[in-house]
Amino acid sequence: MKIILIGAPGAGKGTLAATLKDKLDYLHISTGDLLRFEMKNNTDLGLEAKKYIDNGELVPDQLVTKLIEKKLSSDECRQKGCLLDGYPRTDQQAKDLDAILENLGEQIDYVLYLEASLPVVIQRLTGRRVCKQCGKLYHVVNMPPKQENVCDACGGSLYQRSDDNEETIKTRMEVYKSKTASIIEFYKSQNKIHQLDADRAPHDVHSEAIRIINEG
Ligand code: AP5
């Protein structure tokens, strides 16, 4: 089973993917995480991606699609279900994804569209903290760690993403509206979209996603 999570920055794609992954024993494939991993390791791809990510712009389609194709073709991904978080993000990526899956004899089963309001996503992004070691997500108000700046799960220290500042968030929102929102129509035309009210608490969003998946 292949499930896409679509939504504006801060809609809660990563948070939902983390709980669905545990519940369903799926792979969580986040292009944002894959690119940040490359950046952390100062690879050529990471250095190239940083120029775009720090400005809130999208990394060129061909670079991201290459990363995704490699992941989707891996044995692990072919044996398990996959949650695609942050990909596709442009009309071209949506078409590329269909072509990659067709080659593999697979398809997208569900597209979960997390619809969240602007004040909610701004509050979420400005307060987000991430564990440096295991990547677990926190929020200083909504989901604080037990001990300030320390990950509950692994004891790692928490950091704020370089693109979670007000100016870059503004650009990311504009980029989402101009380049990503249209893929919702693309998946509507394939009858795959399921819309969820993502302003609600994580538990409610998770329960609704599970209901959609179980109802088939
Ligand atoms: P990426 O990492 O994908 O960022 P994004 O899409 O902007 O999404 P976020 O990770 O910011 O938000 P999210 O929806 O996952 O929310 P989260 O669950 O963390 O991409 C970063 C950059 O990489 C892009 O700008 C681009 O440059 C590049 N990139 C990535 N993919 C690309 C692609 N395909 N093509 C080209 N470029 C690409 O939650 C946010 C906060 O809210 C957390 O603190 C969380 O604790 C809290 N929270 C979450 N849900 C709830 C809830 N229900 N209630 C209360 N609080 C909540």
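Side-chain atoms are counted along with the backbone in the values below, which use heavy atoms only and exclude waters and symmetry mates. Counting convention: from 1, in listed order, for ligands and their atoms alike.
Nearest protein heavy-atom neighbour of atom 56 (N) of ligand 1: Asn142 ND2, 3.0 Å. Here the protein heavy atom with the shortest distance to atom 52 (C) of ligand 1 is Arg124 NH2, 3.2 Å. For atom 19 (O) of ligand 1, the nearest protein heavy atom (residue, atom name, distance) is Arg128 NH1, 2.5 Å. Among all non-hydrogen protein atoms, the one lying nearest atom 31 (N) of ligand 1 is Thr31 OG1, 2.7 Å. Nearest protein heavy-atom neighbour of atom 6 (O) of ligand 1: Arg89 NH2, 2.5 Å. If you check which protein heavy atom lies closest to atom 26 (C) of ligand 1, you get Glu57 O, 3.5 Å. For atom 15 (O) of ligand 1, the closest heavy atom belonging to the protein is Gly14 N, 2.9 Å. Atom 39 (O) of ligand 1 has its closest protein heavy atom at Thr15 OG1, 3.6 Å.
Here's the thing with Leu58: none of its N/O atoms is less than 3.5 angstrom from an N/O atom of ligand 1. An N or O contact shorter than 3.5 Å links Arg200 to ligand 1 by distance. At under 3.5 Å, a nitrogen or oxygen of Arg172, whether backbone or side chain, sits near a nitrogen or oxygen of ligand 1. The shortest N or O to N or O distance between Gly86 and ligand 1 is below 3.5 Å. Considering backbone and side-chain N/O atoms, Gly10 comes within less than 3.5 Å of an N/O atom of ligand 1. Considering backbone and side-chain N/O atoms, Leu137 never comes within less than 3.5 Å of an N/O atom of ligand 1. Of the N or O atoms in Val59, one or more lie within a sub-3.5 Å distance of an N or O in ligand 1. Residue contacts with ligand 1: Tyr138 is placed with a nitrogen or oxygen under 3.5 Å of a nitrogen or oxygen of the ligand (distance criterion only). In terms of polar-atom proximity, Gly12 is counted as a contact of ligand 1, with an N or O under 3.5 Å from an N or O of the ligand. Considering both main-chain and side-chain atoms, Asp33 never comes within under 3.5 Å of ligand 1 through any nitrogen or oxygen pair.
Near Leu125, with a cut-off below 4.0 Å to any heavy atom, the atoms of ligand 1 are 11 (O). Taking every non-hydrogen atom of Asp163 and a distance limit under 4.0 Å, the qualifying atoms of ligand 1 come out as 21 (C). Each of the following atoms of ligand 1 lies closer than 4.0 Å to a heavy atom of Pro202: 52 (C), 53 (N), 54 (N). Proximity to Lys13 (heavy-atom distance under 4.0 Å) selects the following atoms of ligand 1: 5 (P), 6 (O), 8 (O), 12 (O), 13 (P), 14 (O), 15 (O), 16 (O), 18 (O). The contact set between ligand 1 and Gln93, taken as ligand atoms under 4.0 Å from a residue heavy atom, comprises 33 (C), 34 (N), 35 (N), 36 (C). The contact set between ligand 1 and Val64, taken as ligand atoms under 4.0 Å from a residue heavy atom, comprises 33 (C), 34 (N), 35 (N), 36 (C).
The pair Arg36-Asp33 meets the salt-bridge criterion, since a charged nitrogen lies less than 4.0 angstrom from a carboxylate oxygen. Salt-bridge annotation for Glu57 and Arg172: absent, with no side-chain N of the basic residue lying under 4.0 Å from a carboxylate O of the acidic one. Glu69 and Lys66 are not joined by a salt bridge, as no carboxylate oxygen comes within less than 4.0 angstrom of a charged side-chain nitrogen. A salt bridge does not link Lys170 with Glu174: every distance from a Lys NZ or Arg NE/NH1/NH2 to an Asp or Glu carboxylate oxygen is 4.0 Å or more. A salt bridge does not link Lys71 with Glu76: none of the charged nitrogens is closer than 4.0 Å to a carboxylate oxygen. Between Asp152 and Lys136 there is no salt bridge, since no side-chain nitrogen of the basic residue lies less than 4.0 Å from a carboxylate oxygen of the acidic one.
Ligand 1 is approached by Ala201 to a heavy-atom distance shorter than 4.0 Å. Heavy-atom separations between Ala8 and ligand 1 include at least one value shorter than 4.0 Å. Not a single heavy atom of Gly7 lies less than 4.0 angstrom from ligand 1.
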- Message: What verdict does the side-chain contact (heavy atoms from CB on, under 4.5 Å) test give for Leu16 and Leu114, after you've listed the backbone C-alpha separation in whole Å, the side-chain angles of each residue and the deciding distance to 0.1 Å?
- Response: CA-CA 10 Å; Leu16 175 63; Leu114 306 192; 3.9 Å; yes

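In this structure, Lys188 fails the cation-pi test against Phe186, since its NZ or CZ atom is not both closer than 6.0 Å to the six-membered ring centre and inside 45 degrees of the ring normal.
Lys70 NZ: 12 or fewer foreign heavy atoms inside a 6.0 Å radius. Enclosure of atom CG in Asp44 is not indicated, since only 12 or fewer non-hydrogen atoms of other residues, nucleotides or ligands lie within 6.0 angstrom.
At least one side-chain heavy atom of Leu20 sits less than 4.5 Å from a side-chain heavy atom of His206. The shortest distance between side-chain heavy atoms of Asp197 and Glu115 does not fall below 4.5 Å.
Counting heavy atoms under 4.0 Å from ligand 1, residue Pro88 does not touch it at all. Residue contacts with ligand 1, taken as heavy atom pairs separated by less than 4.0 Å, do not involve Tyr176 at all. Counting heavy atoms closer than 4.0 Å to ligand 1, residue Leu16 contributes nothing at all. Looking at Arg36 against ligand 1, only its side chain comes within 4.0 Å, counting heavy atoms. Within the 4.0 Å heavy-atom criterion, neither part of Asp61 lies near ligand 1. At a 4.0 Å heavy-atom cut-off, ligand 1 touches Ile53 through backbone and side chain alike. If you look at Leu35 next to ligand 1, the close heavy atoms, those under 4.0 Å, all belong to the side chain.
When all heavy atoms of Ala8 and Met173 are compared, the pair lying nearest together is CB-SD, 4.4 Å. Of all heavy-atom pairs between Tyr176 and Pro9, the closest is CB-CD, 3.9 Å. In terms of heavy atoms, Leu158 sits closest to Pro145 at CD1-CG, 3.7 Å.
For the pairing with Thr90, the side chain to side chain donor-acceptor pair (under 3.5 Å) check across Thr180, Asp96, Asp61 returns one residue only, Asp61.
Proximity annotation for atom 48 (N) of ligand 1: of His139, Met143, Gln160, Met143 comes nearest, heavy atoms only.
A distance below 6.0 Å separates the ring centres of Tyr110 and His194.
No hydrogens or angles considered: a donor-acceptor pair under 3.5 Å links the side chains of Asp91 and Ser182. In this structure, a donor-acceptor pair under 3.5 Å is absent between the side chains of Tyr87 and Ser30.
Note that CG of Asn165 and CG of Leu125 are 10.5 Å apart. Values are rounded to the nearest 0.5 Å.
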